[in-house]
Every structure is written in structure tokens, then in C-alpha cells.
Amino acid sequence: MDSRKDSELIRRVPGRHPTSAAGGMFRVFMDHSPLLACIKDRHSVIRYGNPAWARRLGKPLSQLLGRSESELFPHEQAERFQRSDARVFESGETVELTEQGGIVDGRQSWWHVIRFPIDDEHGERLVGMFALDVTDRVSVQTALAASEAHVKAVLDTAVDAIITIDTSGIVRSFNIAASRMFGYTAEEVIGNNVRMLMPQPYRSEHDGYLSNYLATGERHVIGIGREVAAMRKDGSEFPIDLAVSEVMGGGDHEFTGIIKDLTEKKRTEAELSEREAEARYQRERLTRLTRINTLGEMAAGIAHEINQPLTAIQSYAQACQRLVGAERPDPVLLTATLQKIAEQAQRGGDIIRRVRAMATDAPARREPADVSTIVRDCAEMATYEARLKDVKIILQLEPDLPSVPVDAVQIQQVVLNLLRNSMDALQSHSGERRVVISTRLSEHELSVSVSDNGPGIEAAAAQHLFEHFFTTKEAGMGIGLSISESIVKTHGGELCYAPTQPGATFTFTLPLVDPDD
Ligand code: ADP
């Protein structure tokens with residue numbers, strides 16, 4: 001607009017500062033403007049104002065024209081206006097800015113204001129002003145900025161790395177935790193393809209994953225999360241847990257990855273499993289050693305047991321010699337005697353088989369086994385000791401028990417330990433000495449009880465039975481029960497003690513199905 005046309009906008013103001021009349025058309029035009037418009041002179045005296053401006057000030061136009069801004073506005077605000085006007089007067093140029101207005105309905109108002117130089121018909125320099133109420137826009141922007149700042153603060157204080165990428169894999173945000181984790185600054189990563197954070201083969205395949213997902217909607221990581229490998233700036237790889245979520249809205253399509261560094265967790269897990277393996281190894285070693293120790297303690301009995309079939313074989317062999325040397329050898333009797341020799345050899349062989357099994361240092365292995373056979377074998381092995389200690393071993397075994405997945409040698413060790421403890425306890429008993437070994441089948445497990453009519457265990461001692469090195473015996477080691485308990489536990493069962501009247505009962509359970517399967 002040139003200044004001649006501008007001057008037509010200026011309304012004649014009655015009073016001290018008459019201006020030229022506004023043209024009718026422009027007056028109507030300005031009367032309908034939602035923008036506030038006014039014209040002021042160098043002394044901030046209002047030369048023109050449109051109805052929107054007057055409405056904003058809450059007074060009829062007639063009371064505003066010819067008045068100075070310092071009469072119409074609070075002191076500070078009037079000064080602010082004057083400072084802005086002064087810039088226009090000094091520069092002769094249009095000045096456009098968003099500025100604070102007064103408080104309206106308890107809320108800070110904001111205005112987008114354009115100030116420009118304008119001359120009246122006498123050549124006096126004035127300042128014209130248009131103002132648009134932008135309070136709503138500014139408050140939305142302020143809220144947005146606050147929420148962005150909040151989001152940034154949350155991202156920056158997050159322990160997990162948080163990275164957003166667009167559909168082409170270009171990184172849009174990279175929080176502080178991500179910088180710490182990967183060794184890159186946000187500036188080094190933002191704007192680049194996220195594959196720079198991945199080792200091969202992910203690095204060359206990632207673009208393919210993205211486009212495949214966008215084309216098919218088939219999810220592999222999105223919304224699922226998985227363990228993958230990542231790569232630091234220095235080229236070192238590390239394991240991460242990656243959870244990706246998809247964000248769509250406002251035409252934006254982004255993926256946000258939340259990343260946990262699993263390095264520490266993996267290291268701890270490895271250390272733990274190493275320690276567990278070491279503990280398992282030590283436990284098995286101790287189990288084997290106590291088994292060998294038991295064998296040593298039972299050596300005399302075992303020798304005696306083996307001697308018995310040998311003696312029998314010797315006498316049957318002598319009988320055979322006599323039968324063969326007879327005038328009329330009796331073939332039927334001879335065959336029966338030879339059969340007895342075979343049976344005794346078998347018996348001797350069985351004893352050696354059991355001893356060898358006990359002495360094995362083969363690693364623990366679970367296979368379906370018949371618990372009745374295990375119990376019978378133990379009773380056999382303890383026969384000599386039982387006879388020596390005047391103890392009667394009674395077996396009450398349920399018929400047709402199913403096979404259970406056990407390490408037979410270890411279970412034999414448990415039964416033998418319980419049986420020998422009972423026989424030891426019975427030594428202080430003067431009446432009939434009895435140990436009953438019974439089995440019982442229930443829905444999910446099989447239990448074996450070893451019960452004696454000995455003195456039982458005092459309540460105080462009963463609390464420490466399964467502790468290492470707890471013993472009341474002079475030559476006891478106090479590890480039999482603790483090892484038995486750990487064997488039963490690794491089989492998924494339980495070993496417990498219950499007092500009986502009179503005596504003690506130890507019962508252990510074995511699950512019918514291997515708990516580790
Ligand atoms: P040890 O036989 O070397 O003492 P164990 O761990 O096998 O080690 O047994 C620990 C203790 O439990 C025994 O010393 C004994 O006091 C007690 N005990 C175990 N079984 C019986 C039982 N049947 N009757 C009485 N006391 C028992």
C-alpha cells in the first residue's frame with residue numbers, strides 16, 4: 001500500500017489531533033475486521049481504532065480516540081507498546097512480533113502484532129497496528145513444548161536405551177542411555193540408518209526386515225521383543241533385549257526400540273551356571289566318595305557274602321565228584337547238583353555286580369528302574385551286617401510298581417544309608433530288632449519308607465538331621481542323610497523323617513515322571 005492510500009484509512013478524530021477522514025469503503029472494511037487495528041502518533045495518542053479494538057478495551061470508541069495509551073493501559077504495558085512503536089518510528093520499517101497482552105479471564109493473553117509506519121495527510125509519521133489474538137495457539141504451543149520437554153526428560157533419564165526410527169530405518173531420536181550404551185553421541189546417529197548399531201548379519205538384513213514388515217505386516221520383533229546382538233561404536237558386540245513398538249499418528253509412522261543391555265545379565269548367568277556346575281560336580285564327587293566309604297565299611301560283609309556261594313560251590317563240586325566216582329552215577333542227582341553250582345555262581349556274580357555298581361564313577365544318569373529290585377539288592381547287601389547286628393530286615397513291597405526314572409546306584413545309596421542308620425540305632429535296643437522297608441504308590445509318586453523300632457531321635461537332634469556333619473555316632477561322618485536328601489531332591493522328590501512309636505521312620509518320594517523332562 002502506498003502512503004496516500006494508507007492515509008485514507010485514517011479516521012478523523014475529534015479533538016486535539018484531527019486526522020483525515022477514512023474513506024467509506026475502508027471504514028466498513030475495518031469495522032468488520034476481527035483483527036484489532038489502531039493508529040497512534042509519537043505520543044501514543046490514539047488517532048484511529050476499529051470496533052474490534054474498542055471492544056477489546058471494553059469502552060466505546062468515542063472514549064478512546066484522542067487518549068494516550070498510558071491512560072488506557074497499565075503502566076508497564078503502555079511502556080512496552082511505546083518501546084515497540086519506537087522501533088517503527090526509528091527504523092521506518094514494519095515490525096512483526098508475538099507479544100504478551102494483559103490478563104484476560106485470568107489467563108495471560110498473547111497477540112501477534114504488526115506495526116508499520118503510516119503518514120497522515122499532513123505528512124505526520126504515525127504508527128499503524130494490527131493485532132491478532134493468538135492466546136490459544138501460544139498456550140497449545142507452550143503445552144506442546146512442555147510435554148516435549150517432559151518426554152525428553154523421561155527419555156534422557158531412562159535407564160534403557162530408547163531409539164526411534166522412521167520407516168526407512170533412519171534414526172530420529174537417540175536418548176542419553178543409548179549414547180552410553182553404544183558409545184555414539186545422538187548427533188552421530190540421528191539422521192543415519194539404524195543398521196550402524198548392528199553387527200552382521202542384522203546390519204545387511206535390517207532394511208529387508210523393515211520393508212518386509214511394511215509390505216506383509218508379519219511381525220518378528222515388533223510388539224514381541226527378543227534377544228539380539230548390537231554393536232558399539234568401537235565395533236564390540238554385546239547382547240541386548242530389544243522391544244520394538246510401532247507408533248502411527250499424524251501421518252507419522254515410526255518404530256520405537258527399547259533396549260536393555262544384557263551383557264551384565266549374561267555374565268552373571270554364565271558365572272552362576274559355572275558355579276552351579278562346580279557345585280554339582282562337588283556334590284557328585286562327595287556322593288561317590290561316601291558310597292565308596294560305605295562299601296569300605298561293608299567290605300567284611302561283602303567278602304562274607306561272596307564267600308558263601310563260593311563255599312557252597314566248593315561243597316557242591318565235591319558232591320559232584322563223589323557222584324561221578326560212584327559205581328552207578330545218578331545222572332538226575334548230578335544234573336540237580338550242577339544246577340545248584342550254577343545258581344550259586346549266579347548269586348556270587350550278583351553280589352559282585354552290585355558292588356561294582358556301587359563303586360562306579362560313571363556320571364549320574366537317570367533311567368527307568370524297578371525300585372523293588374533296588375530295595376531287594378540293598379537288603380541283600382546288608383544281610384551279613386544284619387545277621388551280625390541281630391537285626392531282622394522285613395520287606396513290604398507293593399507288587400507291580402511302575403518303573404521310575406532314577407539313577408539306580410544313587411537310590412540304592414539312599415536306601416542303604418537309611419537301612420544302615422536304622423541297624424546302627426537298633427544296637428541300643430534290647431528287644432527284637434526290626435527294620436521294615438516298604439513301598440507305596442500314589443498318583444504322581446512312589447514312596448519308600450525305612451522304619452525301625454529303635455530309640456528314635458530326640459526332637460532337638462531331629463532339627464539338624466539333614467545338616468552336613470551332624471552325627472551322634474562316635475565314628476560317624478554325619479553326611480549320609482544330607483547326601484541322601486540332596487540325591488532325592490535332584491530326583492525331584494523329598495526325604496523326611498517322622499518319629500514312630502517306637503523308633504524312627506525315614507520316607508523318601510520319587511516322582512513317576514522325570515521332573516527335568
Ligand atoms: P552318620 O550315620 O555318619 O552319623 P547320617 O547323616 O547318616 O550320618 O546320620 C546323622 C545322625 O542321624 C546319626 O548320627 C543319628 O544320630 C541320626 N539318625 C539317623 N537315622 C537314625 C535312626 N533310624 N534312628 C535314630 N537316629 C538316627
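One-based numbering, in listed order, for ligands and for the atoms of each. The residues of the chain are indexed from 1 along the displayed sequence.
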Checking side chain to side chain contact (heavy atoms under 4.5 Å, CB included) between F174 and each of L197, I165, V194, N192, which is the one that passes?
L197
Mark the output for F466 as yes if a heavy-atom distance to ligand 1 is under 4.0 Å, and as no if none is.
no
For G480, the atoms of ligand 1 under 4.0 Å from one of its heavy atoms are 5 (P), 6 (O), 7 (O), 8 (O)
Counting heavy atoms only, name the option from L481, T500, V435 that's nearest to atom 5 (P) of ligand 1.
L481
Criterion salt bridge (charged side-chain N to carboxylate O under 4.0 Å, His left out) on K340 and E343, from CA distance to verdict
CA-CA 5 Å; K340 285 199 169 124; E343 278 168 17; over 6 Å; no
Looking only at protein heavy atoms, which one is nearest to atom 8 (O) of ligand 1, and how far off is it?
G478 CA, 3.2 Å
Considering the heavy atoms of G476, write down every atom of ligand 1 situated less than 4.0 Å from one of them.
3 (O)
Does the distance from a Lys or Arg side-chain N to an Asp or Glu carboxylate O, for D377 and R354, drop under 4.0 Å?
yes
Atom 18 (N) of ligand 1: closest protein heavy atom, distance to 0.1 Å, is I457 CD1, 4.0 Å
Sequence neighbours excluded, the answer for side-chain hydrogen bond (donor to acceptor under 3.5 Å, both in side chains) partners of Q318 is none
Taking the ring of F182 and the ring of F238, is the distance between their centroids below 6.0 Å?
yes
Which atoms of ligand 1 have any heavy atom of F506 under 4.0 Å away?
20 (N), 21 (C), 23 (N)
For Y384 against A300, the heavy-atom pair lying closest together
CE2-C, 4.0 Å
In terms of atom number and element, which parts of ligand 1 are under 4.0 angstrom from non-hydrogen atoms of M477?
3 (O)
Starting from atom 15 (C) of ligand 1, which protein heavy atom do you reach first, and at what distance in Å?
T472 OG1, 3.4 Å
Heavy atoms only: give me the nearest I162-N175 pair and the separation to one decimal.
N-OD1, 2.9 Å
Does anything in residues 484-495 pair up under side chain to side chain donor-acceptor pair (under 3.5 Å), and if so which pairs, sequence neighbours excluded?
N417-S484
So which protein heavy atom does atom 24 (N) of ligand 1 come closest to, and at what separation?
A425 CB, 3.3 Å
I need the atoms of ligand 1 closer than 4.0 Å to a non-hydrogen atom of N417, numbered in the order shown.
7 (O)
Cut-off 3.5 Å, side chains only: do Q308 and R347 have a donor facing an acceptor?
yes
What protein heavy atom is closest to atom 4 (O) of ligand 1, reported as residue, atom name and distance in Å?
T471 OG1, 2.5 Å
I'd like to know if G456 contacts ligand 1, where contact means a heavy-atom distance under 4.0 Å to any ligand atom.
yes
Residue part near ligand 1, for S422, under 4.0 Å between non-hydrogen atoms:
both
Minimum-distance protein heavy atom relative to atom 17 (C) of ligand 1:
L465 CD2, 3.7 Å
Looking at R420 and E297, does any basic side-chain N land under 4.0 Å from a carboxylate oxygen?
yes
The answer for which part of D452 has a heavy atom under 4.0 Å from ligand 1 is side chain
Atom 2 (O) of ligand 1 [closest protein heavy-atom partner, distance rounded to 0.1 Å]
K473 NZ, 2.6 Å
Where P331 and P329 come nearest, the two heavy atoms and their spacing
CD-O, 3.1 Å
May I ask you to identify, for D424, whether its side chain, its backbone, both or neither come under 4.0 Å of ligand 1 on a heavy-atom basis?
neither
Is a side-chain donor-acceptor pair under 3.5 Å present for S179 with E188?
no
Specify the protein heavy atom at minimum distance from atom 7 (O) of ligand 1: its residue, its atom name, and the distance to 0.1 Å.
N421 ND2, 2.9 Å
